[in-house]
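Here's the structure we're looking at; comments come further down.
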Amino acid sequence: MSSDEQRRLGQLRDNLAAVHERIARGCADAGRDPAEVTLVVVTKFFPASDVLLLHRLGVRHFGENRDQEAAQKFGEVRAALSHAGEQEPVLHFIGQLQSNKAGHVAAYADVVQSVDRPKLVTALAKGAHAHDRRLLVLLQVSLDGETSRGGALPEELDALADAVAAEDLLDLRGVMAVAPLGADPDASFARLREVADGIRSRHPGATWVSAGMSGDLEAGLRHGATHLRVGTAILGSRPSLL
Ligand SMILES: *Cc1c(COP(=O)(O)O)cnc(C)c1O
């Protein structure tokens with residue numbers, strides 16, 4: 001390993017340890033068991049080499065938000081890992097998704113966290129069949145009535161959940177949300193928990209709540225998050241243009 005790689009590995013190790021420490025403290029404060037929380041490390045904008053270093057540090061769940069970038073990067077990552085006989089990473093697609101890209105995402109993602117409309121359900125199901133793969137699905141919820149950044153309105157969720165549940169290769173696992181900009185994350189995630197409870201009353205397998213990022217993971221943990229999506233706090237800041 002080159003000295004640059006050594007330095008990056010050290011940086012990622014320190015940042016990862018700090019995030020695990022925040023999770024441990026956040027769980028203790030919320031009276032929760034850290035074993036019920038999955039850390040998804042968001043590697044968008046960062047290279048396959050970082051994913052491989054994180055994998056070496058024990059990370060198994062990764063998040064990406066753009067189809068082309070994710071396909072290319074995880075193609076490389078999986079080839080390198082399977083060559084070395086290493087454990088497969090689990091890839092969570094967390095970005096806004098056009099239905100014409102959904103078939104492609106179905107070829108390589110394990111979890112799609114950003115399902116927010118019926119057309120996407122149909123397209124993912126078709127893709128899952130074409131590639132003979134099973135996909136785990138979270139419904140992305142808009143918590144401020146604004147859907148331009150992705151997410152279904154709470155009143156649309158029952159129909160969307162039923163549409164996912166009707167597909168044999170899609171497994172409805174729960175909900176995801178981003179706290180709206182400027183909103184109190186505690187209020188947002190409290191609302192998300194109510195929404196999640198409503199869906200679970202009709203779909204008992206939908207137990208996941210993906211809530212909390214670098215800036216608000218403690219709020220997520222206070223309101224029942226089972227999955228945290230953390231990028232910046234582990235990989236550093238991303239270029240701000242996009
Ligand atoms: C980029 C992104 C994250 C990670 O955000 P950080 O603030 O860097 O931790 C989480 N969720 C979604 C949907 C994202 O697009």
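Values reported hereafter were calculated over all heavy atoms of this structure, with side chains retained and with hydrogens, waters and symmetry mates removed. Read the numbers this way: they start at 1 and go in the same order the structure lists the ligands and their atoms.
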ask   = If you measure only the distance, is there a donor-acceptor pair under 3.5 Å linking the side chains of S210 and R229?
value = yes
inquiry  = Heavy-atom contact check, 4.0 Å cutoff: does R238 meet ligand 1?
reply    = yes
ask   = Which atoms of ligand 1 have any heavy atom of V230 under 4.0 Å away?
value = 9 (O)
key: Nearest protein heavy atom with distance in Å, relative to atom 10 (C) of ligand 1   = M213 SD, 3.2 Å
query = If you count the atoms of ligand 1 from 1 in the order shown, which ones are under 4.0 Å from a heavy atom of G231?
reply = 4 (C), 6 (P), 8 (O), 9 (O)
Min N/O separation V178 to ligand 1 under 3.5 Å = no
ask   = Which residue owns the protein heavy atom closest to atom 8 (O) of ligand 1, what's the atom, and how far is it?
value = T232 OG1, 2.5 Å
Check: T43/E64 side-chain N/O donor and acceptor closer than 3.5 Å = yes
request  = Starting from atom 13 (C) of ligand 1, locate the nearest protein heavy atom and write down its residue, its atom name and how far away it is, to 0.1 Å.
outcome  = I94 O, 3.6 Å
ask   = Does E155 CD have over 12 foreign heavy atoms under 6.0 Å away?
value = yes
note = Value for CZ (R202) from CG (D162), rounded to nearest 0.5 Å, stands at 4.5 Å
ask   = Considering all heavy atoms of both residues, which atom of S114 and which atom of I94 are nearest to each other, and what is their separation?
value = OG-C, 3.8 Å
Option of least heavy-atom distance to atom 14 (C) of ligand 1 (set: K44, Q96, R66, H92) = K44
message = For residues 88-123, which residue pairs pass the ring pair (Phe, Tyr, Trp, His ring centres under 6.0 Å) check, not counting sequence neighbours?
response = H61-H92, H104-Y108
key: Per-atom contacts, ligand 1 versus R229 - under 4.0 Å to a heavy atom   = 4 (C), 9 (O), 10 (C), 11 (N), 12 (C), 13 (C)
remark   = re atom 9 (O) of ligand 1, the protein heavy-atom contact at minimum distance is S214 OG, 2.5 Å
Donor-acceptor contact present, side-chain R193 to main-chain R222, <3.5 Å = yes
